[in-house]
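The shown structure was predicted, so the numbers you read here are calculated from the model rather than taken from an experiment. Below, all heavy atoms of this structure are taken into account, side chains as well, without hydrogens, waters or symmetry copies.
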Amino acid sequence: MTLSPNTIKHTTCYECDANCAFTVTLNAQQEAIAVEGLPNCPRGQRQLERQYHPERLLYPLKRVGAKGAGQFERISWDEALDTLVAELNKAKATYGAPAVGFFAGYTKEARPQLQRLAHAFGSPNYLTESGCCFSATMVAEKLTYGYKLKTTSTVESPKTRCVLVWSTNAAGSIPPFENHHLAKKKKQRKMIVVDPRRTETAELADIHLQIRPGTDGALALGFHHLIFENGWQDQAFLDEWANGLATFRDYIREFTPSRVADICGIHEADLRAAVAMFATQLPSQIAMSPTSTVQHSNGFQNHRAMILLSAVLGMIDREGGNRFFNDKVLPKPIELFDVCVNELPPRIGDEIFPIWTKYWPAGQSMLMPDCILEGKPQPLRALLAMGINTAMWANSKRMEQALGRLNFFAVSDFFHNPATLQADLVLPAATSLERPALIAYPGCAYQGEVKYRQQALAPRGEAKPDGQIFLELGVRLGMAEQFWNGDLEASWAEMAEGLPDSVRQAAYENPEGVTVYSPIIEELVERGFLDADRQWRINGFKTVTGKIEFDSVELKQQGYEGLPIYREPAESPRSTPELLADFPLVLTSGGRQKYFTHSQQHNVAALLQFDPYPRVQIHPQDAAKRQIQNGDTVEISSRRGQVVFRAEVTDKMKPGVVHAFHGWNSANINELTDDQSLDPISGFPPFKSLLCQLKKVSV
């Protein structure tokens, strides 16, 4: 038999969730041998090392030893699925369907199928990694403006005269990394950076405000104070569109420049200069991470104080300012979330975080350890998860303990990690090269993409797409018709029915996908507005009052403070001075790197060459006090425990502050973070502001 020559297939990457298009070359044996089209992304370029990694999970496994011991034996898919059906039904019969949880981590693509399975099974408790990522910013913005804001756009507005980059670093976090517009100095654009670290972005800044972690809210309120004091606000806009402005102005009077500089640990002159630059070099915009500002014990309100700066200057939904993030054409929903809301009991978190669960279609996953170990706010007895890692939870060892206490726990993944070692069943997941998917990428303010990824490779071993596993499970649970008789592509096809015919056809036929636009553009033009911004001229603000919520009615209705009140981090030099004798350093964590996606890719040798060790960054002054030199092995400790890292001694850090990179299973910084001081509105943990100590240890 003559083997065919090399073939080229078009596909999309999923080493992060940007879904960049690229090509993969297959040899005559239909093995992938090369990828092209991802020149700026080391993760994408080296994805075949993960694809063919010798430690990849390729067959269903059943635990045969103690939980956590890593002792498994290979079983068939029939046995695995039959066991799943029996255990899920057993938990449902004994404790009720809500006691069975369904968790989605990475990858995110099979979320619709898993959520559908949860709700069809009768459980409201579908939970995701968004319990500590992204969702809080979205909820804060919708609560305040009625819209999500675009704060991390890869598309630069040529009209922006000043950008306030708040705790994000494009060179390490936003494709195309070093080629991102925020990673370059622009002659016509001033730049202010707020970050405890002197990142690559901060090196480009006209002004760098190197604040103490967790004091973002105080800094934002200090900006507001100076803007109003100097009369730089857009008063005409505020008179028409602000709710609660008088109360807000009364509150910000106490955030004087001297007080704010003292709280944040910055120079008052730098604060005054930054506010003048941001408020007078218009249009100005804020660029933020979707995550970092809200991973504090007061992160939700801090974020609200920050985003209200755009409103005060009249820069909201203005070209060159911060635009609304609009829906484009969307696939048909298949998640059965309407069933969850209308027919099922409350989700985990409805009892404690009602604002967050109102706006986010899942339970609050940060409560899972409490649910498992203490039965509150409701009990969890069994769990089906995809892509779960205990490193995602604050005080991670407690989550690891919780998984070990479940009556039954099954998980799908590519590799073992601390979570899979606690499982009763471990299922091998297909990679993005081995599975089809309908992808609706949100894009920018008005523009997005829809793609259909065709399967490029046959799955290795007996790996299956996560979505396929969930459909087959639905069939075996007696719901074949609801789950397309196990046909994964049929489930994507039903979602695609929600797209216009031309978009659907183009998405399936064009590997690059099809660009889609928000209908608001046409509506603005039809109303006679030739500039496609300021859509509040048509629809106002989709909040309770129809205005921008400086003093939120909705928050007050739920018993929260309506103003974006500043509070010290739950653990800080000022709020817990009694801890300083043992833990005198402020710890922040989670700065992004282009080589890794959270805990992924840390087993790829080519990427480890760039960054081989878990690092903690410490200022030379703090290192000298502890006789720590660059490269030393050090123990980081907090009230939760201790972990071992390598020291990077660098003046990029603020004195008194250390930063640890996250995602290392061998040195998990979240074993030290606080799981008891969750943000009272969102439930997010304070990953980025607590107290610690460092000491040198012998290897």
Side-chain angles (χ1 to χ4, degrees), residues 11-12 14 17 19 77 80-81 84-85 88 102-124 126-128 328-340 344 361-362 384-387 410-413 427-442 448-459 462-501 503-509 511 513-514 516:
T11 185
T12 62
Y14 204 85
D17 58 3
N19 294 291
W77 269 108
L81 292 172
L84 260 168
V85 168
L88 295 183
F102 297 78
F103 177 84
Y106 268 79
T107 64
K108 301 177 183 179
E109 287 182 352
R111 287 185 175 193
Q113 290 87 354
L114 180 61
Q115 186 168 12
R116 183 182 185 90
L117 179 64
H119 301 330
F121 182 77
S123 175
Y126 164 77
L127 309 113
T128 79
K328 295 83 183 176
V329 296
L330 296 173
K332 175 183 175 182
I334 63 168
E335 297 88 347
L336 299 182
F337 185 60
D338 56 335
V339 171
C340 176
L344 299 181
L384 172 61
M386 65 172 176
V411 59
S412 61
D413 214 318
L427 308 175
T431 67
S432 56
L433 290 170
E434 300 167 344
R435 64 177 188 259
L438 180 66
I439 301 158
Y441 186 61
E449 296 174 343
V450 178
K451 304 175 183 178
Y452 188 80
R453 183 203 302 120
Q454 306 286 347
Q455 181 177 329
L457 299 176
E462 294 180 5
K464 291 188 179 186
D466 297 292
Q468 181 69 43
I469 297 170
F470 305 142
L471 297 192
E472 292 184 18
L473 189 55
V475 170
R476 292 190 183 224
L477 284 165
M479 301 179 287
E481 189 171 337
Q482 267 190 291
F483 287 87
W484 301 277
N485 295 300
D487 185 343
L488 179 60
E489 294 203 73
S491 70
W492 296 127
E494 181 158 332
M495 287 182 66
E497 290 175 6
L499 303 171
D501 291 343
V503 171
R504 181 171 64 250
Q505 182 177 350
Y508 271 79
E509 293 178 355
V514 58
V516 293

Trainee: What is the distance from atom CD1 of Ile334 to atom CH2 of Trp492, rounded to the nearest 0.5 Å?
Mentor: 6.5 Å
Trainee: Which pairs with one or both residues in residues 112-123 pass side chain to side chain donor-acceptor pair (under 3.5 Å), sequence neighbours excluded?
Mentor: Gln113-Ser491, Gln115-His119
Trainee: Quick one: are Asn19 and Glu449 in side-chain contact, heavy atoms under 4.5 Å?
Mentor: no
Trainee: Restricting to non-hydrogen atoms, name the atom on Phe337 and the atom on Pro361 that form the minimum distance, rounded to 0.1 Å.
Mentor: CZ-CA, 3.5 Å
Trainee: Sequence neighbours excluded, which residues qualify as side chain to side chain donor-acceptor pair (under 3.5 Å) partners of Glu481?
Mentor: none
Trainee: Which heavy atom in Glu434 sits nearest to a heavy atom in Ala463, and how many Å separate them?
Mentor: OE1-CB, 4.4 Å
Trainee: By side chain to side chain contact (heavy atoms under 4.5 Å, CB included), which residues pair with Lys108, not counting sequence neighbours?
Mentor: Tyr14, Asp17, Tyr106, Arg111, Glu129
Trainee: List in chain and number order the residues that pass side chain to side chain contact (heavy atoms under 4.5 Å, CB included) with Ala440, two or more places apart in sequence or in another chain; answer none if no residue qualifies.
Mentor: Pro331
Trainee: What are the two closest non-hydrogen atoms of Thr12 and Pro511, and how far apart are they?
Mentor: CG2-O, 4.4 Å
Trainee: Atom CD in Gln454, atom CD in Glu509: separation rounded to 0.5 Å?
Mentor: 10.0 Å
Trainee: Are Pro112 and Phe470 side-chain neighbours, meaning at least one heavy-atom pair lies under 4.5 Å?
Mentor: no
Trainee: Is there any salt bridge (charged side-chain N to carboxylate O under 4.0 Å, His left out) pair reaching into residues 462-480, and which pairs are they, with sequence neighbours excluded?
Mentor: Arg74-Glu462, Asp78-Arg476, Asp82-Arg476, Lys464-Glu472
Trainee: Just to verify, what does Ala480 make a side chain to side chain contact (heavy atoms under 4.5 Å, CB included) with, not counting sequence neighbours?
Mentor: Val475, Asn485
Trainee: Would you call Thr431 and Leu457 a side-chain contact if the rule is heavy atoms closer than 4.5 Å?
Mentor: no
Trainee: Who passes salt bridge (Lys or Arg N to Asp or Glu O under 4.0 Å) against Glu497, sequence neighbours left out?
Mentor: Lys332
Trainee: Please give me the minimum heavy-atom distance between Gly513 and Lys451, naming the atom from each residue.
Mentor: CA-CG, 3.5 Å
Trainee: Once salt bridge (Lys or Arg N to Asp or Glu O under 4.0 Å) is applied, do any residues pair with Arg453, and if so which ones, sequence neighbours excluded?
Mentor: Glu109
Trainee: Report yes if the side chains of Ser432 and Thr11 come closer than 4.5 Å at any heavy-atom pair, otherwise no.
Mentor: no
Trainee: What pair of heavy atoms forms the shortest contact from Leu471 to Gly486, and how long is it?
Mentor: CB-CA, 3.9 Å
Trainee: Applying side chain to side chain donor-acceptor pair (under 3.5 Å), can you list everything that pairs with Glu489, at least two apart in sequence or on another chain?
Mentor: Tyr452
Trainee: Rounded to the nearest 0.5 Å, how far does CD of Gln482 lie from CG of Leu477?
Mentor: 10.5 Å
Trainee: Of all residues at least two apart in sequence or in a different chain, which pass the ring-ring contact (aromatic ring centres under 6.0 Å, His included) check with Phe102?
Mentor: Phe121
Trainee: Hey, are the side chains of Trp77 and Ile469 touching, using non-hydrogen atoms and a 4.5 Å cut-off?
Mentor: yes
Trainee: Shortest non-hydrogen contact from Val411 to Gly387?
Mentor: CG2-N, 4.5 Å
Trainee: Evaluate Leu117 against Phe483 for side-chain contact (heavy atoms from CB on, under 4.5 Å), listing each step before the verdict.
Mentor: CA-CA 8 Å; Leu117 179 64; Phe483 287 87; 4.0 Å; yes
Trainee: Using 0.5 Å steps for rounding, measure from the CG atom of Leu84 to the CG atom of Leu88.
Mentor: 5.5 Å
Trainee: For Ala490, what residues pass the side chain to side chain contact (heavy atoms under 4.5 Å, CB included) criterion, not counting sequence neighbours?
Mentor: Trp484, Asp487
